[in-house]
Each structure stands twice: as structure tokens, then as C-alpha cells.
Amino acid sequence: MDDQTRMLAGLGGLGGLSQADVGDPDSVRKQQSLGQPQQDIGDILQQIMAITDESLDEAQARKHALNCHRMKPALFSVLCEIKEKTVLSIRGVQEEDPPDPQIMRLDNMLLAEGVSGPEKGGGSAAAAAAAAAAGGSPNDGSIEHSDYRAKLAQIRQIYHAELEKYEQACSEFTNHVMNLLREQSRTRPISPKEIERMVAIIHRKFSSIQMQLKQSTCEAVMILRSRFLDARRKRRNFNKQATEVLNEYFYSHLSNPYPSEEAKEELAKKCGITVSQVSNWFGNKRIRYKKNIGKFQEEANLYAVKTAVDAANASAQASQANSPATPNSGGYPAPCYTPDGRL
DNA sequence: GTGAATGATTGCAT
DNA sequence: ATGCAATCATTCAC
């Protein structure tokens with residue numbers, strides 16, 4: 001009520017805006033002096049009440065006159081200001097929204113997965129990282145890799161299409177509401193700030209829809225990724241050449257088949273596999289060899305011969321008769337073979 | 001379909 | 001952290 005009083009008082013105080021000024025030519029009612037606010041209010045209230053008794057045409061005419069009045073913009077601005085100070089200020093306090101951590105998380109994830117960021121790099125980088133984490137060999141990964149990328153691109157496409165749709169709907173709706181409010185602002189006090197706030201509310205509503213989209217996109221990516229990783233878990237045998245390289249090292253270091261970190265890296269590079277795969281291979285090989293030496297005898301002899309021949313060739317080329325690097329003291333039992341290669 | 005081979009994983013010991 | 005041993009899960013040859 002205080003506000004209303006102030007508002008009406010303010011109205012009265014606005015350069016002595018009288019009923020006649022507002023457009024009632026035959027009215028005998030006059031705006032009272034500034035020194036009598038009580039009387040002013042009573043008078044104005046009476047005027048308002050009188051409107052209900054008027055005919056529709058009269059009211060229309062009065063409205064039209066009011067709209068045309070030279071003081072109308074000033075009057076509206078005052079009303080807007082009052083409205084701003086009272087109703088809007090109460091609601092407006094908590095409207096400054098801080099960045100939502102949930103949406104930030106989703107944004108970060110979509111960016112990291114290459115869904116929301118620039119087209120190239122992200123997705124394949126994530127796939128490569130996934131491949132590396134799974135320890136898959138690079139030569140067999142290409143099919144699944146491209147499959148992963150294709151699926152990710154599909155998700156990306158859907159995501160962007162939906163996002164665009166929402167953004168378009170949002171801007172259309174915002175325009176509609178803004179036009180509506182601008183239209184209404186001719187007949188009731190609506191400040192630009194109020195329109196701005198309304199737009200912010202609309203944007204918030206739409207961004208909550210966008211968050212749902214982001215959430216479901218993230219879920220889709222996670223599912224795709226877990227499927228991809230599961231697929232990577234599928235074992236692929238190493239190629240023949242890689243097995244040969246590993247066996248060569250194993251049997252030529254039978255006394256101490258424990259490659260150093262550097263040797264593992266070297267072998268991994270040669271075989272096109274990861275260091276941990278080399279470690280796995282040697283772990284498996286050692287235990288399986290130890291468990292059943294007899295079974296590996298033939299293989300051991302084969303590689304021993306190969307090593308001996310290679311060494312012989314090397315020494316022949318270097319004209320130096322150094323023996324091959326197969327010291328065998330205290331290690332795994334060596335296979336039986338003659339130095340010339342006969343079993 | 002079956003069994004052997006083989007890469008990966010897990011739990012434990014050092 | 002590394003290696004061993006057992007085991008799992010998949011591939012491959014038959």
C-alpha cells in the first residue's frame with residue numbers, strides 16, 4: 001500500500017498531471033495542488049472508480065487520449081522505475097546464476113570426447129587413448145578404431161542437430177515473448193530491464209533442456225566407449241614376425257630371460273606392441289617354458305640354431321670369432337643342440 | 001564342436 | 001614395482 005501511495009503521489013507530482021491533461025475535456029475534476037497528497041489520492045481513486053461506470057467507447061477514447069498524451073513516456077518511465085524498485089528487485093536478487101558445476105562437467109566431458117569441440121582430433125585422440133589404455137596392438141585396431149569414430153561422429157551429428165533445434169526454438173520463443181512484451185509495454189509499464197529478465201528466464205528454461213540433451217549425449221558416449229573398450233579386450237594373436245622376434249630374444253637369453261626396461265621398449269617397437277604386452281608375453285613364456293620344457297624343446301632348438309647361424313654370419317662378416325650371446329648359467333635349462341646346428 | 005595355443009588379468013610374494 | 005602362478009577368454013587348427 002505504501003508503494004501504491006508513493007506511486008500515486010508520484011503520479012500526482014509529475015508536473016501536475018491533471019485529469020484534463022490525461023484527456024477528459026469535459027471533466028470538471030481538477031488536479032489539486034502538490035501540498036495536498038491525501039486529497040489527491042482520494043480524487044484519483046474516485047476517478048479510477050468512475051471509469052467502471054463509463055461506457056466502453058468512453059473508456060476507449062480515454063485510453064486513446066492517454067496514449068497520445070505528451071507526458072505519457074515520462075509517466076511510464078516513472079511507473080517502470082517504481083515497479084523496478086519494488087517487485088522486480090525482490091525477485092532479482094538471486095537471479096544472477098553462477099555457472100552450474102553439473103553443466104560444466106558435461107561440457108568438459110563432451111569437449112574431451114570430441115563431441116562438442118572442433119571436429120578433428122578429439123574423438124580420434126580419445127579412441128587412441130582408449131586403445132593405448134587397453135594395450136591393443138595398433139595394427140589390428142584400425143577397423144574398430146574407425147568404427148568407434150564413425151559412431152562418435154553419429155552421436156556428434158545428432159547432438160549438434162538437436163542443439164541447433166533447441167537454440168532456434170529458444171530464439172524464436174524469445175523473439176515472440178519480446179515482441180509480446182514490447183506490444184504490452186504500450187499499455188502497461190514494462191521496463192527494458194524487465195524484458196531482459198524475462199529473456200533470461202526463457203534462456204534458463206531452455207538451457208535446462210539443453211542440459212538434458214548433454215546428459216543423454218554423455219551417456220551415449222560412455223556406452224559407446226565401454227563397448228569399444230570391451231571390443232579391444234578381445235585378444236588378437238601377435239603376428240608371426242613379432243612372435244619370432246620375441247622368441248629369438250627369449251631363447252638367446254634363456255639363462256636370464258628377463259629383458260630390461262630398455263630391451264622391452266626395443267622389442268615393443270620392433271614388434272609393434274606395447275611394453276606391457278612384451279612383459280605379458282615374457283611372463284607367459286617363462287612360466288610355460290618352465291612348466292613343460294620338453295614341449296618347447298623343438299622350438300628352443302630351432303631358435304638356438306637360428307641364433308647360432310646369425311652369430312656365425314655376423315662373425316664371418318666381422319672376421320672375428322666371437323661366440324653368440326647365449327650364456328647359460330643358472331637360468332632356465334637350455335635345449336640340446338650341437339654348435340654346428342645339428343639336433 | 002573340440003582342444004590346444006595364447007594374450008590378458010588377477011592375486012600373491014618378494 | 002616386478003615376477004610368478006593360476007586362471008580366464010579368445011583364437012585357431014582340426
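Reminder, nothing fancy here: chain letters follow the sequence lines and each chain counts from 1. Computed over heavy atoms, backbone and side chain alike; hydrogens, waters and symmetry mates excluded. For clarity, every value in this text was computed on a predicted model and none was experimentally measured.
Among the nucleotides C/dG3, C/dC8, C/dC12, the one closest to the side chain of A/N237 is C/dC12. The listed nucleotides are C/dT11, B/dA5, B/dA8; the one nearest the side chain of A/R288 is B/dA8. The A/I287 side chain lies nearest to C/dC4 when the options are B/dA5, C/dC4, C/dA6. If you check C/dT2, C/dA5, B/dT6 against the side chain of A/K290, the one that comes closest is C/dA5.
Counting any heavy atom pair closer than 4.0 Å across all strands shown, A/N284 reaches a base atom. Among the protein residues, A/K264 comes within range of the sugar-phosphate backbone only, with heavy atoms under 4.0 Å from sugar or phosphate atoms but none that close to a base.
No donor-acceptor contact under 3.5 angstrom links the side chains of A/E244 and A/Y303, judged on distance only.
When the C1' atom of B/dT6 is taken as reference, atom CZ of A/F250 falls 14 Å away, rounded to whole Å. Spacing between atom CG of A/N239 and atom P of B/dG7 amounts to 11 Å, rounded to whole angstrom units. Between the CG atom of A/L246 and the P atom of B/dG7 there is a distance of 8 Å, rounded to whole Å.
Between A/E162 and A/K165 there is a salt bridge, with a side-chain nitrogen of the basic residue lying less than 4.0 Å from a carboxylate oxygen of the acidic one.
For A/F296 and A/Y251, the distance between ring centers is not under 6.0 angstrom.
With DNA chain C read from its 5' end, the first of the two nearest nucleotides for A/S279 and A/K291 is the one closest to A/S279.
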